[in-house]
Amino acid sequence: MIRTVELPPPASAPVLAAYGYCETVTGQQARNFAYGIRLLPTHKRRAMSALYAFSRRVDDIGDGELSNEVKAARLEETRALLARIRAGEVREDDTDPVAVALAHAAEHFPIPLGGLDELIDGVLMDVRGETYETWDDLKVYCRCVAGAIGRLSLGVFGTEPGARGAERAAEYADTLGLALQLTNILRDVREDALGGRTYLPADDLAKFGCSAGFASATPPEGSDFAGLVHFEVRRARALFAEGYRLLPMLDRRSGACVAAMAGIYRRLLDRIERDPEAVLRGRVSLPGHEKAYVAVRGLSGLDTRSVTRRPLIRRRA
């Protein structure tokens, strides 16, 4: 259980510059994420930007054009940098702004930095070209690359003192990360296929006649592609419903941030469900006015209140 964190003391000029760099990276490369964290107070927004910038570095190594051997070596170098941060060996005058910002954030927030080790493990799974036979297999990957991010973020958000069920906050944050990642996988199914990657479980693909993959803008001949997408959408919705139980445990602005980011992806699911083949034609996205509506809804507390009205039922992810 993670309690609400105290307001940190003012940061030095080098640290502020490092945070500024991370916020620039976040704004340029993660529009949905940046949209959500702008609802946070400054000290939490900066810490989340540091987490994103480090995570982005890890992802960029995995997605780059280097050989797999070089990628693996670079990822282990990044793990070594993380060990230096964890050991308190990164100083304010370090030449790596991401390391400086993350070290400062980890000093002032109870961030479980082991989650970034998990992220590196997940990207190494990509580098090795692993595929997944079952949903249980895919969950291992999703927990590394997304569930861990949920738990890291919870270290910045904290939980409200006396929040009911707060001992399960990390579990709900992890589950919400799974929901976001499964939505990403559905949205990017064609893009990933063109890059030689398949994430959806092989037994699901076989069940709906999609084992041939998604190399074209039309579904495999004779397949029930819509059935596959609707099946995965239902799975993602169940994960969202479970993960949303985190919201009442957070302060208003942290809850609004989570509701905004998750709400954007839930609306993506709605679009994908209405037109499953759209994911084969290009990337499905939301217009700005819909994102703005999601943010207002989060700030209003509507999503949080809807959770508190539901009975607490334990589900199996």
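Every heavy atom of this structure was used, including side-chain atoms; hydrogens, water molecules and symmetry mates were not. Sequence positions, counted from 1, serve as the residue numbers for this chain.
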Legend entry - Minimal non-hydrogen separation, Met249 against Gly165, with atom names: CE-O, 3.2 Å

Legend entry - Backbone of Ser254 reached by a side-chain donor or acceptor of Lys44 within 3.5 Å: no

Inset, instruction - Report the distance from atom NE2 of His230 to atom CG of Leu269, rounding to the nearest 0.5 Å. - result: 11.0 Å

Inset, instruction - With the side chain counted from C-beta on, respond yes when Val258 and Leu250 share a heavy-atom pair under 4.5 Å apart, and no when they do not. - result: yes

Legend entry - Any pair counted as ring pair (Phe, Tyr, Trp, His ring centres under 6.0 Å), so long as it reaches residues 70-93, sequence neighbours left out: none

Inset, instruction - Return yes if some donor-acceptor pair links the side-chain N/O of Lys71 with the main-chain N/O of Val127 below 3.5 Å, else return no. - result: no

Inset, instruction - Kindly give the heavy-atom pair with the smallest separation between Leu119 and Val145, and that separation in Å. - result: CD1-CA, 3.8 Å

Inset, instruction - Search all heavy atoms of Ala262 against all heavy atoms of Leu180 and return the closest pair with its distance. - result: CA-CD2, 4.0 Å

Inset, instruction - May I have the step-by-step check of side-chain contact (heavy atoms from CB on, under 4.5 Å) for Phe157 and Cys257, ending in yes or no? - result: CA-CA 9 Å; Phe157 298 143; Cys257 171; 4.0 Å; yes

Legend entry - Neighbour count >12 (heavy atoms, 6.0 Å) for atom CZ, Arg74: no

Inset, instruction - Measure the shortest side-chain to side-chain distance between Glu242 and Tyr172 over non-hydrogen atoms and say whether it is less than 4.5 angstrom. - result: yes

Inset, instruction - Search all heavy atoms of Ser223 against all heavy atoms of Pro220 and return the closest pair with its distance. - result: OG-O, 2.7 Å

Inset, instruction - For the residue pair Tyr132 and Tyr199, categorise the inter-ring angle as parallel (less than 30°), tilted (30 to 60°) or perpendicular (more than 60°). - result: parallel

Inset, instruction - Sort out for me which residue in Thr218, Val229, Val189 forms a side-chain contact (heavy atoms from CB on, under 4.5 Å) with Leu280. - result: Val189

Legend entry - Pairing residues for Thr134 by the side-chain contact (heavy atoms from CB on, under 4.5 Å) criterion, not counting sequence neighbours: Asp136, Asp137, Asp203

Inset, instruction - Measure the shortest side-chain to side-chain distance between Leu182 and Cys142 over non-hydrogen atoms and say whether it is less than 4.5 angstrom. - result: no

Inset, instruction - Kindly assign one of parallel, tilted or perpendicular to the pair Phe240 and Tyr244, based on the angle between their ring planes and the thresholds 30° and 60°. - result: perpendicular

Legend entry - Sequence neighbours excluded, every pair satisfying ring pair (Phe, Tyr, Trp, His ring centres under 6.0 Å) that has a member inside residues 62-91: none

Inset, instruction - Would you give the length of the straight line joining atom CD1 of Ile264 to atom OG1 of Thr183, rounded to the nearest 0.5 angstrom? - result: 12.0 Å

Legend entry - ring pair (Phe, Tyr, Trp, His ring centres under 6.0 Å) partners of residues 201-221, not counting sequence neighbours, each pair once: Phe208-Phe231, Phe214-Phe225

Legend entry - SB check Asp63 Arg197 (cutoff 4.0 Å): yes

Inset, instruction - Answer yes or no: is there an ion pair linking Glu191 with Arg283, defined by an N-O contact shorter than 4.0 Å? - result: yes

Legend entry - Qualifying residues under side-chain contact (heavy atoms from CB on, under 4.5 Å), relative to Glu76, sequence neighbours excluded: Arg79, Leu124

Legend entry - Atom pair CG/CG of Leu228 and Leu200 - distance to nearest 0.5 Å: 5.5 Å

Legend entry - Contact summary for Thr198 and Leu205, nearest pair of heavy atoms: CG2-CD1, 3.8 Å

Inset, instruction - Flag the pair Glu232 / Pro201 as yes when at least one side-chain heavy-atom distance between them is below 4.5 Å, and no otherwise. - result: yes

Inset, instruction - Could you tell me whether Asp275 and Arg281 make a salt bridge, using a distance below 4.0 angstrom between a side-chain N and a carboxylate O? - result: yes

Legend entry - Audit row: Leu268, Leu286, side-chain contact (heavy atoms from CB on, under 4.5 Å) steps and yes/no: CA-CA 7 Å; Leu268 284 175; Leu286 292 187; 4.1 Å; yes

Legend entry - Trace of the side-chain contact (heavy atoms from CB on, under 4.5 Å) decision for Arg46 with Leu16: CA-CA 9 Å; Arg46 288 171 177 163; Leu16 290 176; 3.4 Å; yes

Legend entry - Atom pair CG (Asp174) and CG (Leu154), whose distance is rounded to the nearest 0.5 Å: 10.5 Å

Legend entry - Exercise: do Glu92 and Ser12 side chains pair donor with acceptor under 3.5 Å: yes

Legend entry - Basic-acidic side-chain contact under 4.0 Å: Arg86, Asp117: yes

Inset, instruction - Using a strict cut-off of less than 4.0 Å between a Lys/Arg side-chain nitrogen and an Asp/Glu carboxylate oxygen, indicate whether Arg271 and Glu290 qualify as a salt bridge. - result: yes

Inset, instruction - State plainly whether the residues Glu171 and Arg245 are in salt-bridge range, i.e. N to O under 4.0 Å. - result: no

Legend entry - Asp188 and Val279, any side-chain heavy atoms less than 4.5 Å apart: no

Legend entry - Shortest non-hydrogen contact from Ser211 toward Ala206: OG-CA, 3.3 Å

Legend entry - Expected output: side-chain Tyr21 to main-chain Ala101 donor-acceptor under 3.5 Å: no

Legend entry - Between CG on residue Leu186 and CD1 on residue Ile272, distance to nearest 0.5 Å: 5.5 Å

Legend entry - N-O pairing of Arg237 and Glu273 below 4.0 Å: yes

Inset, instruction - For the residue pair Val15 and Tyr19, establish whether any side-chain heavy-atom pair is separated by less than 4.5 Å. - result: yes

Legend entry - Spacing of CG belonging to Leu102 relative to CZ belonging to Phe109, to within rounding of 0.5 Å: 12.0 Å

Inset, instruction - Sequence neighbours left out, what passes side-chain contact (heavy atoms from CB on, under 4.5 Å) with Asp96? Give chain and number order. - result: Arg57, Leu81, Asp94, Val98, Ala99

Inset, instruction - Give the C-alpha distance, both sets of side-chain angles, the deciding distance and a yes or no for side-chain contact (heavy atoms from CB on, under 4.5 Å) between Ser49 and Val25. - result: CA-CA 8 Å; Ser49 293; Val25 170; over 6 Å; no

Inset, instruction - State, yes or no, whether a side-chain contact exists between Asp270 and Arg266 at a heavy-atom distance under 4.5 Å. - result: no

Legend entry - Student check: side-chain heavy atoms of Arg253 and Leu39 closer than 4.5 Å: no

